[in-house]
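Here the structure is laid out as structure tokens; the discussion comes afterwards.
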Amino acid sequence: MSMLSSLKLVSAIRSVGATPVQQRRNKLSAKLYEQIQLAAAQAEGRTYAPTKLRTLVNSETGERKTIETTKRVKQWWWTTATGKVALSVRYGAKTIELARGKNAIEVDTIDAVLPTLEVIKQAVEAGELDSAIEAVSGVVKSNFKK
């Protein structure tokens with residue numbers, strides 16, 4: 001018992017997980033990271049192809065097999081009719097309304113997309129878009145109800 005007496009013993013409880021708000025922030029932040037990687041790859045003239053694990057079941061034998069496939073990442077920006085680049089932020093399949101009646105950010109060139117995405121990612125991590133994420137999350141949740 002003399003060995004344990006040299007240690008500082010405390011009563012501590014480990015937190016189970018993140019709050020729902022933090023989970024939504026993390027989800028959007030991860031998607032923004034993918035968009036940043038996609039924009040950086042396009043700026044350098046290369047392709048961005050992240051991979052994911054997929055489990056397939058052989059219909060004849062019933063055997064499960066895990067394979068690695070490329071993950072499809074859709075870009076969130078497009079060129080408008082005026083020649084500017086518009087960038088929307090998506091949570092799941094829904095577009096986040098960034099301000100009342102405004103769902104996209106307009107930048108002059110494709111080169112401005114990467115810094116804009118980084119600013120958005122910082123805003124999400126700081127909690128500036130929590131109310132917008134909550135509104136869209138409620139719509140997404142309601143689609144799953146019977």
Side-chain angles (χ1 to χ4, degrees), residues 7-146:
L7 302 174
K8 181 179 179 182
L9 302 176
V10 296
S11 174
I13 299 173
R14 175 178 267 197
S15 63
V16 176
T19 64
V21 172
Q22 188 62 43
Q23 288 175 349
R24 286 190 287 272
R25 275 187 209 161
N26 292 343
K27 179 181 176 182
L28 184 57
S29 182
K31 295 298 180 184
L32 281 164
Y33 174 77
E34 286 181 348
Q35 292 297 313
I36 290 169
Q37 295 302 312
L38 182 63
Q42 284 186 358
E44 295 172 3
R46 59 181 171 83
T47 59
Y48 174 65
T51 58
K52 65 178 180 178
L53 294 177
R54 185 173 175 194
T55 303
L56 299 175
V57 179
N58 188 339
S59 60
E60 296 172 1
T61 63
E63 179 184 344
R64 291 178 173 255
K65 182 179 176 183
T66 303
I67 61 170
E68 191 172 291
T69 61
T70 58
K71 183 178 177 182
R72 182 176 171 204
V73 179
K74 293 182 184 179
Q75 65 183 26
W76 290 352
W77 62 90
W78 66 95
T79 305
T80 62
T82 60
K84 304 268 185 179
V85 177
L87 168 69
S88 64
V89 179
R90 303 182 66 81
Y91 186 83
K94 303 290 181 186
T95 303
I96 292 179
E97 190 174 84
L98 301 168
R100 194 152 188 84
K102 311 285 185 191
N103 65 349
I105 300 166
E106 185 179 76
V107 293
D108 292 330
T109 63
I110 194 74
D111 298 330
V113 170
L114 185 60
T116 305
L117 284 168
E118 290 172 349
V119 168
I120 295 168
K121 187 171 188 296
Q122 290 172 355
V124 167
E125 290 171 353
E128 293 180 28
L129 293 176
D130 283 349
S131 60
I133 296 170
E134 179 68 31
V136 173
S137 175
V139 172
V140 171
K141 283 182 193 174
S142 68
N143 291 337
F144 287 103
K145 292 182 181 175
K146 292 183 181 180

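With values rounded to the nearest 0.5 angstrom, L53 atom CG is found 11.5 Å from K71 atom NZ. Rounded to the nearest 0.5 Å, atoms CZ (R24) and CG (D130) are 8.0 Å apart. Put simply, OG on S88 and NZ on K102 are 15.0 Å apart, with the number rounded to the nearest 0.5 Å. Note that CD of Q75 is 10.0 Å distant from CG of L87, once rounded to the nearest 0.5 Å. For the atom pair K84 NZ and T79 OG1, the distance stands at 12.0 Å (nearest 0.5 Å). Rounding to the nearest 0.5 angstrom, the gap separating the CD atom in E34 from the OH atom in Y48 is 5.0 Å.
Nearest heavy atoms, A41 versus T47: CB-C, 4.1 Å. Closest non-hydrogen pair, A132 versus E97, comes out as CB-O, 3.6 Å. A pairwise comparison of heavy atoms in K74 and L38 identifies C-CD2, 4.3 Å as the closest pair. Shown here for T95 and N103, the closest heavy-atom pair between the two residues is CG2-O, 3.7 Å.
In this structure, T116 contributes its side chain and A112 its backbone to a donor-acceptor pair below 3.5 Å.
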| message | Please determine whether side-chain contact (heavy atoms from CB on, under 4.5 Å) holds for the pair W77 and L117, giving the CA-CA distance in whole Å, both sets of side-chain angles, and the decisive distance to 0.1 Å. | response | CA-CA 10 Å; W77 62 90; L117 284 168; 4.1 Å; yes
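The cationic atom of K27 (NZ for Lys, CZ for Arg) lies less than 6.0 Å from the six-membered ring centre of Y91 and within 45° of the ring axis.
Side chains of L129 and L98 form a contact here, defined as non-hydrogen atoms less than 4.5 Å apart. Here the side chains of Q22 and N26 are in contact, with some heavy-atom distance below 4.5 Å. In this structure, the side chains of V73 and K31 stay at 4.5 Å or more apart for every pair of heavy atoms.
Environment of CZ in R72: sparse, with no more than 12 heavy atoms of neighbouring residues, nucleotides or ligands closer than 6.0 Å.
Exactly one residue among I36, V113, L32 makes a side-chain contact (heavy atoms from CB on, under 4.5 Å) with E118. That residue is I36. Among I120, V89, I105, the one residue that satisfies the side-chain contact (heavy atoms from CB on, under 4.5 Å) test with W76 is V89.
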